[in-house]
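Quick caveat, the model's predicted, so the values are computed rather than measured. Each ligand, and each atom within it, is numbered from 1 in the order the structure gives.
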Amino acid sequence: MASGRNGFPRGPNLRNSSSFKSKLPPSSAVRRSSPGALGAVSGRVRVAVRLRPQNAEELEADADFADCVELQPELKRLKLRKNNWDSDTYEFDEVLTEYASQKRVYEVVAKPVVESVLEGYNGTVMAYGQTGTGKTYTLGRLGDEDTSARGIMVRSLEDIFSNISQETDTVTVSYLQLYMETIQDLLNPANDNISIVEDQKTGDVSLPGATVVEIRDQQSFVELLRIGEAHRFAANTKLNTESSRSHAILMVQVRRSVLGRENDFTSEHDVSSNGVNSFKPPIIRKGKLVVVDLAGSERIHKSGSEGHMLEEAKSINLSLSALGKCINALAENSAHVPVRDSKLTRLLKDSFGGTSRTSLVITIGPSPRHRAETASTILFGQRAMKVENMLKIKEEFDYKSLSKRLEIQIEKLTAENERLQKACEDEVERIKLEAQKQISEAERDCAEALKEEKMKCQMDYMESIKQLEEKWMLNQTKHASNGFIGTSHAAEGGMPSGNDEVSELKKLLQNEVQQRKAAELEIKNLKDCLLKSMKPELAGGNADIFNLQKMLEEESQQRKKLEEEVIVLRHQLSQLTLEASQTTSCPDRSRTGNGFVGLDSVSSLRHLQFKDASDGERPSISNLHEKVGLHKILSLLESDDPNVRIHAVKVVANLAAEEANQAKIVEAGGLSSLLMLLRSYEDETIRRIAAGAVANLAMNEFNQELIMAQGGICLLAMTASDAEDPQTLRMVAGAVANLCGNDKLQTRLRSEGGIKALLGMVRSRHPDVLSQVARGIANFAKCESRAATQGTKHGRSLLIEDGALPWIVQNANNEASLIRRHVELALCHLAQHEVNANDLISGGALWELVRISRDCSRDDIRALACRTLTSSPTFVAELRRLRIEV
Ligand code: ADP
Ligand code: MG
């Protein structure tokens with residue numbers, strides 16, 4: 001901020017005002033100030049002289065006399081005439097002629113002070129002069145009739161109002177009168193003895209008893225002045241005095257929040273970003289403007305006062321002369337300034353030689369009759385010009401408003417926080433409720449679906465029972481009417497001529513046999529004849545021999561043909577028998593779902609595809625092979641004719657289904673031939689039938705060992721890996737499953753890849769295959785568990801070693817009940833051996849065991865699972881850890 005030429009600070013919004021020019025040497029006259037800064041700035045008391053125009057009385061009375069003063073305003077000089085030829089010249093800061101407008105007076109006298117006040121300094125404007133010279137005119141005119149006549153008081157307030165913010169700044173006013181060393185409140189006349197209080201620390205003078213009115217606009221201030229003036233008039237009438245005898249004091253306090261406005265802005269809009277600054281308290285600048293309309297300075301003898309008037313004049317003089325003394329002391333830099341001598345000097349302590357910027361306007365009249373008074377006034381002004389003041393900016397941090405602002409901020413944030421917290425809680429509650437709703441909906445849906453499914457199952461079950469019963473009844477009736485089951489079923493299967501055909505074929509066969517026997521007999525006879533004839537005709541019978549040899553060859557060829565015919569016929573017969581038996585086995589298969597009976601029955605395959613359902617027919621097949629010879633049939637397995645081969649394998653398979661034949665087939669090398677067929681033939685039918693035959697042979701413990709000994713596992717494993725037909729796989733799996741049930745073969749079976757072969761077959765998702773795999777695993781697990789109980793097996797299960805556990809766990813709850821039962825059983829067996837416990841837990845089998853122990857419909861398996869879970873320390877510990885009760 002720039003400062004004025006003479007050191008008066010200028011506000012940024014105010015016009016550059018002209019100011020006083022010191023008559024003193026520049027060195028002592030001006031010290032550059034820096035009013036924006038805190039601290040003190042020096043400043044001399046500025047003194048302006050104002051000459052009142054001649055009034056009507058003077059115009060008349062002084063018409064013949066020359067004025068006693070001559071003004072040289074451009075030189076800021078005043079000449080006081082001593083006599084007609086001599087005058088004294090005085091220099092003032094400003095010389096205001098009788099023509100000076102009120103506006104100009106304000107600008108040169110008061111405006112710089114008001115600017116200082118707005119910047120936080122104390123400022124004083126005083127008018128000193130003889131009664132009637134225009135002190136009140138200069139200071140106190142309200143300008144009612146003529147606005148241009150507005151005095152310094154009114155204009156100061158106008159200036160203040162136009163430079164403050166109505167929101168953040170305040171202006172308060174007190175208006176007092178000092179009369180006979182008593183301070184009266186002009187805003188509250190009852191308050192007529194106000195005491196002066198000095199702050200020991202700051203030296204600030206205040207009148208705590210005075211009425212302080214906050215004013216918001218110019219109009220109310222003028223109103224206040226008017227009221228104060230009216231009270232002054234009333235009080236003086238009461239005291240029987242004149243206003244000229246008392247000092248009128250207007251005190252205006254201006255409180256400005258200087259940085260507060262900027263702070264408010266940042267804090268309102270951005271608390272966080274400018275956090276540090278926003279917590280800096282706003283700066284409040286407090287300036288006090290004191291305008292003093294002093295009592296008339298005329299000498300007492302001149303006013304002709306007596307008695308009380310004398311006392312009054314003394315009192316008036318007391319204050320004024322004390323002021324004069326103080327100014328003298330200050331002008332002479334005296335160590336002692338008698339401030340305490342009067343109330344006026346006490347009140348103006350911080351205006352003169354204090355920390356205030358002070359302007360003094362001395363008013364004089366032109367009349368030579370009052371020359372002495374005028375001279376005295378001029379001298380007073382001259383002395384006052386020597387008084388230097390120390391300016392002190394009155395600034396303080398407004399912690400109160402900062403605290404209030406922060407409090408508001410805290411309250412806002414608290415409310416916001418509460419709102420957010422409530423919203424969050426509401427949201428959590430809403431999500432919770434929604435989740436609960438969804439859970440209960442899902443539970444309800446699930447229960448309904450379960451109920452429906454259960455009903456459906458029950459219905460299906462009832463339906464199939466009904467169907468089976470009907471079929472059974474039908475069979476019973478047919479059995480009763482026809483003793484030959486195979487025939488009845490063939491008839492039922494749409495083959496009404498089956499039985500006739502069979503008996504015809506039988507007859508044919510018998511004929512053929514008889515013919516063969518006859519041919520053989522003939523050959524024998526012929527041979528005998530030949531031998532006999534050879535002896536006598538040894539020398540010349542070559543031609544006969546040749547003929548006979550030819551005949552013999554023909555005969556043997558015929559025989560061979562006949563033999564083959566016999567075989568073909570036998571196959572046709574067995575085919576018919578087989579078809580009849582398949583028809584018979586159909587009801588059986590539908591009853592067990594996939595044709596398997598029992599869980600761990602080693603002989604379950606006996607009732608499969610090659611089951612000979614007709615007791616009455618068994619002897620015929622047995623007889624057949626007895627007649628043809630097993631070796632012959634087996635040799636036909638390698639026939640070049642595919643038809644023959646296929647018939648032969650069917651015959652062998654059917655024979656293998658008979659327990660009685662099994663040992664003989666194996667003995668005759670049938671097992672090896674069948675195993676070779678598995679490997680060497682691409683034909684799916686042959687492979688399927690061969691596998692079925694092997695499976696049937698594998699039911700026998702002795703055969704099982706034989707199969708193993710002949711490398712059967714490898715062949716089965718190879719078939720298992722490349723066969724695609726589910727029925728072939730089912731037979732292979734059945735064979736391996738049977739082998740799995742042999743305690744003695746466990747290790748070898750596993751080492752030759754039996755378990756892996758079994759697991760490999762699950763790729764065919766056919767339930768028949770899966771069921772055999774499951775049976776094999778259950779058989780194996782059962783044997784292992786038995787071995788473990790007997791102490792012959794240590795270490796963990798070979799099934800687990802070969803990676804069967806994931807499949808087991810996955811299928812423990814298979815929807816096909818047969819598969820499920822096998823797997824459940826397998827799990828229970830595995831779980832019985834403590835060494836498997838950790839693998840089972842890590843493989844997720846524990847959950848399945850828990851489920852089995854709770855839900856399995858078979859009491860024995862459920863009980864087994866329960867027992868297993870409660871007897872294994874590992875399971876018990878894990879269940880406890882998981883807080884699951886069994
Ligand atoms: P004081 O207060 O010093 O006793 P006033 O202000 O009452 O004197 O003035 C006395 C008279 O002179 C009043 O009638 C006032 O109107 C008049 N007067 C004073 N100064 C001027 C001025 N500069 N121009 C015109 N009239 C003035
Ligand atoms: Mg007056």
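Between V109 and I152 the shortest side-chain heavy-atom distance falls below 4.5 Å.
In the model, T133 has a side-chain atom that pairs as donor or acceptor with a side-chain atom of T363 under 3.5 Å. Side-chain polar atoms of D185 and Y175 form no donor-acceptor pair below 3.5 angstrom. Using modelled atom types and a 3.5 Å distance limit, the side chains of Q177 and Q184 yield a donor-acceptor pair.
For atom 13 (C) of ligand 1, the nearest protein heavy atom is 4.0 Å or more away.
The two residues S297 and T377 make their nearest non-hydrogen contact at OG-OG1, 3.9 Å. For R50 against Q102, the heavy-atom pair with the smallest separation is NH1-OE1, 2.8 Å.
In this structure, T363 does not count as a contact residue of ligand 1, since none of its heavy atoms falls inside 4.0 Å of the ligand.
The side chain to side chain contact (heavy atoms under 4.5 Å, CB included) test applied to K343 returns L178, E181, I183, N193, I196, not counting sequence neighbours.
For ligand 1, the atoms lying closer than 4.0 Å to a non-hydrogen atom of Q130 are 3 (O). Proximity to G134 (heavy-atom distance under 4.0 Å) selects the following atoms of ligand 1: 1 (P), 3 (O), 5 (P), 6 (O), 8 (O), 9 (O), 19 (C), 20 (N). Per-residue contacts place T131 under 4.0 angstrom from the following atoms of ligand 1 (heavy atoms of the residue considered): 4 (O).
Side chain of N122 to backbone of K288: a donor-acceptor contact under 3.5 angstrom is found. Listed for the R44 side chain is a donor-acceptor partner under 3.5 Å among the backbone atoms of M385.
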Go through the steps for R256 and E119 under the test salt bridge (charged side-chain N to carboxylate O under 4.0 Å, His left out), then give the verdict. CA-CA 8 Å; R256 295 184 78 198; E119 281 163 11; over 6 Å; no
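The protein non-hydrogen atom at the shortest distance from atom 17 (C) of ligand 1 is R52 CD, 4.2 Å. Of the protein's non-hydrogen atoms, the one nearest atom 26 (N) of ligand 1 is Y137 CE1, 4.0 Å. Here the heavy atom of the protein found nearest to atom 25 (C) of ligand 1 is P53 CG, 3.7 Å.
The distance criterion of under 3.5 Å between nitrogen or oxygen atoms is met by G132 with respect to ligand 1. Residue T136 places at least one N or O, backbone or side chain, under 3.5 Å from an N or O of ligand 1.
In summary, R369 and E57 engage in a salt bridge, as defined by a charged side-chain N under 4.0 Å from a carboxylate O.
Heavy atoms of R50 found under 4.0 angstrom from ligand 1 belong exclusively to the side chain.
Taking distances strictly below 2.8 Å, the protein N/O/S atoms close to the Mg ion (ligand 2) are T136 OG1.
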